[in-house]
There are 2 protein chains.
Amino acid sequence: MDREIPKLAKKIKLADVAEAVGVSAITVSRVLRKPELVSESVRLRVTEAVARLGYVPDPAARALASARTDVLGVLIPSVTNNVFSSVLRGIYNRVEGLPFNIQLGNTRYSVLEEERLLDVFLRQRPSGLIVSGIDQSARSKALLRQADCPIVQIMEIGDDPVDMMVGLSHRDAAGAAIRHLQARGYRRIAFLGARMDPRTRSRLVGYEQVMKEIGLLDERLIVTTPRASTVTLGCELLIELLSRTTEVDAVFCNNDDLAIGVLFECQRRRISVPDDFGICGFNDLEMMAVANPPLTSVRTNREEMGRRAIEMLIARIAGEPIDEPVVDLGFEIVARHSTAGLRPREARRRP
Amino acid sequence: MDREIPKLAKKIKLADVAEAVGVSAITVSRVLRKPELVSESVRLRVTEAVARLGYVPDPAARALASARTDVLGVLIPSVTNNVFSSVLRGIYNRVEGLPFNIQLGNTRYSVLEEERLLDVFLRQRPSGLIVSGIDQSARSKALLRQADCPIVQIMEIGDDPVDMMVGLSHRDAAGAAIRHLQARGYRRIAFLGARMDPRTRSRLVGYEQVMKEIGLLDERLIVTTPRASTVTLGCELLIELLSRTTEVDAVFCNNDDLAIGVLFECQRRRISVPDDFGICGFNDLEMMAVANPPLTSVRTNREEMGRRAIEMLIARIAGEPIDEPVVDLGFEIVARHSTAGLRPREARRRP
DNA sequence: TTGTAAGCGTTATCAT
DNA sequence: ATGATAACGCTTACAA
């Protein structure tokens, strides 16, 4: 690593600051971490010297000596997925200005990678940890339970938190979407699902429950794939659905990308939305409101989820008691024109 | 942090393994890092003991003793932006299986935050660093030049790499897009730009150069905003543009989100694409190919960019010489129906 | 309120 | 090929 730029002046350490001020190293350390334990005069002189010399603590030395870091670990299954981007935004926004650093791990929907990263992260003795989902492997759960830092599971909620949880019931959210479609007069309501991760499966369960309740469940209306969801896939799944049966008058898409794809494909096939066909997405991405027509979706509070997760962590780090270890952030059906209801005269798509 | 689960058995350290095998700690350390320096018999016994005891090195102790970590730092301005998600995917894919860990920093398009994170990251003595863009502040550049690890600037290319670069010329890419529109018969070509980060500005320069060259530059056709780009903003910018002048027959959007918004707004206004109005985006997101009509865009090799950046880092870490410190990944105009050309009869939009 | 001494777990250096 | 010893820079525990 030879660069033409001269090396930095030798790195300033605690001892250098201590010497400059004429106190011991531990006093400088205290000024930095627990200033209230140090007399004002000393504190001021130390603070001044720290600034003047440009001292900054070595995180590795700190971690080694204190068995603690200022890292908040965050494990998510995808960096590409909009849903997690939003959560991350909430996390980064909330942590700004706090003395913590986010360490992001990308599990890529792989159980093994999640276990590996959990291992890597925990070994660094983070101040807190955020993990996605509630369906960790047995090994992951064991690691989490042994961790000596607060942990928040996000995205979903359930009965058996490793420590804390903040999320929503995807089953209920999907169920509510189906009831919305039903209330608007749609009957033959299909389910399009991609990726089929635990949350998608929960939504499918919610769909099936409600469809069964209202006596409309038909397996042919359920089209799923393990492939990652994309707009293109939305088109393809609609085509697959219509090839199975033309007796469909609405579709609940497991997420908004699929819904946009379905919309484009409907436009191409001159299927009128919502007159002949209703479309409901999930997540309520920004673009849903300005599509043509605007698309109904299920709003989830993803930024809020990230924010709350951080707040729960820092509360626990500060030793505050947590009244609610499991926080349900709920959801909201954002009804737009795409599910305004079938055309009065005849509730059947044109071929 | 009181949990009901019993604490882990006391953490195994180097000395424990050494004792179990009957060698010294440093020998165990060597087996882990430079096995070729240790005799086979000892190596085998040590390896066995490491596995049996479940020993794993403490990263903080390692970092403190060796002044080096296995961290590859990555600084990006946004976790929400599709462009960076793709780059990240390339990075994570390429680094999989290698003995490095990605540490992600989110600068949120803030110079100050970039400087702060650079500071935080460099203090951890990473094995390598990837930073976004080539327009770092003077202070950031100074920090980078003093770093004693390899560094890759990604997204753009320029004359003065801090160390290495991999990206493309956004000016040329935008210029090529404009020439494409011109070749298809469009004349009154507008520019819609959001965020106005350095790359967006480069694209604007490319647009202006080519428009001037072909004698078509008209300031009224340039609509920009500092707001982050969204599909909604695409609609709004088109509305703003049309309120300034109806003498427009095509639009180059600074990115695909804007282009999708423009498309939806055109659909609403019954502006026929491409007959009355051409649309070209930038980045070639997956959805462009299946929009209605499919939208022309400029493909950039974002995953490849991430991959190459990692490869350049590990080559340098391995001490290999770099033949090309600045890698131009180029771009490609992906022509689709949205720029098929104006309707033969009359090259004017309907009101 | 401040300081002393003893690690924290690993690796660099120098011996053997 | 292997080992003894001294860092690495900080914090904990205890003392004064």
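Because the structure is a prediction, the values reported are computed rather than measured. Naming convention: chains lettered A, B, ... in sequence-line order (proteins, then strands); numbering from 1 in each chain.
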Report summary line: Closest to the 5' end of DNA chain C, once B/K34 and B/A60 are matched to their nearest nucleotides, is B/A60

[X] [atom1] to [N] [atom2], straight-line distance once rounded to whole Å:
| X | N | atom1 | atom2 | result |
| --- | --- | --- | --- | --- |
| B/L64 | D/dA7 | CG | C1' | 9 Å |
| A/D16 | D/dG9 | CG | P | 9 Å |
| B/R33 | C/dT13 | CZ | C1' | 12 Å |
| A/K13 | D/dC8 | NZ | C1' | 8 Å |
| A/R45 | C/dT2 | CZ | C1' | 12 Å |
| A/L14 | C/dC8 | CG | P | 19 Å |
| A/L44 | C/dT2 | CG | P | 11 Å |

Taking NZ, NE, NH1 and NH2 as the nitrogens, is one of them in [X] or [Y] under 4.0 Å from a carboxylate oxygen of the other?
| X | Y | value |
| --- | --- | --- |
| A/D160 | A/R145 | yes |
| B/R199 | B/D135 | no |
| A/R45 | A/E48 | no |

For [X], enumerate each residue passing the salt bridge (Lys or Arg N to Asp or Glu O under 4.0 Å) test, keeping only those at least two apart in sequence or located in another chain.
| X | value |
| --- | --- |
| B/R62 | none |
| A/R30 | none |
| A/R33 | none |
| A/D159 | none |

Query raised in the report: Counting only N and O atoms by type, is there a donor-acceptor contact under 3.5 Å from the side chain of B/S132 to the main-chain atoms of B/L75?
Result: yes

Query - Full working for side chain to side chain donor-acceptor pair (under 3.5 Å) between B/T27 and B/S24 - result: CA-CA 5 Å; B/T27 299; B/S24 73; 3.3 Å; yes

**Report entry** For A/R89, the option from A/E96, A/E303, A/E304 that meets salt bridge (charged side-chain N to carboxylate O under 4.0 Å, His left out)
**Finding:** A/E303

Report summary line: Contact check, residues 50-59 of chain B vs DNA chain D, heavy-atom distance under 4.0 Å, returns none

**Report entry** Members of residues 120-129 of chain B that approach DNA chain D, where some heavy atom sits under 4.0 Å away
**Finding:** none

Query raised in the report: Taking the side chain of B/S66 as its heavy atoms from C-beta onward, which of C/dA12, D/dC8, D/dT12 lies nearest to it?
Result: C/dA12

Report task. Please round to 10 degrees the angle between the axis of the first five pairs and the axis of the last five pairs in the helix from C/dT1-D/dA16 to C/dT16-D/dA1. Result -> 30°

Query raised in the report: D/dC10 phosphate, OP1 or OP2: any side-chain N/O from A/R62 under 4.0 angstrom?
Result: no

side-chain contact (heavy atoms from CB on, under 4.5 Å) involving [X] - partner list, sequence neighbours excluded:
| X | result |
| --- | --- |
| A/N81 | A/S78, A/V83, A/F84, A/Y109 |
| A/V111 | A/E115, A/S137 |
| B/I134 | B/Q153, B/E156, B/M165 |
| B/S127 | B/R68, B/L72, B/F100, B/I317 |

Please enumerate all protein N or O atoms sitting under 3.5 Å from an N or O of nucleotides 2-4 of chain D, with distances to 0.1 Å.
from  : atom 1 : to    : atom 2 : distance (Å)
D/dT2 : OP1    : B/S39 : OG     : 2.8
D/dT2 : OP2    : B/S39 : N      : 2.7
D/dT2 : OP2    : B/S39 : OG     : 3.2
D/dG3 : OP2    : B/S24 : N      : 3.1
D/dG3 : OP2    : B/S24 : OG     : 3.2
D/dG3 : OP2    : B/T27 : OG1    : 2.5
D/dG3 : N7     : B/R30 : NH1    : 3.3
D/dG3 : O6     : B/R30 : NH2    : 2.6

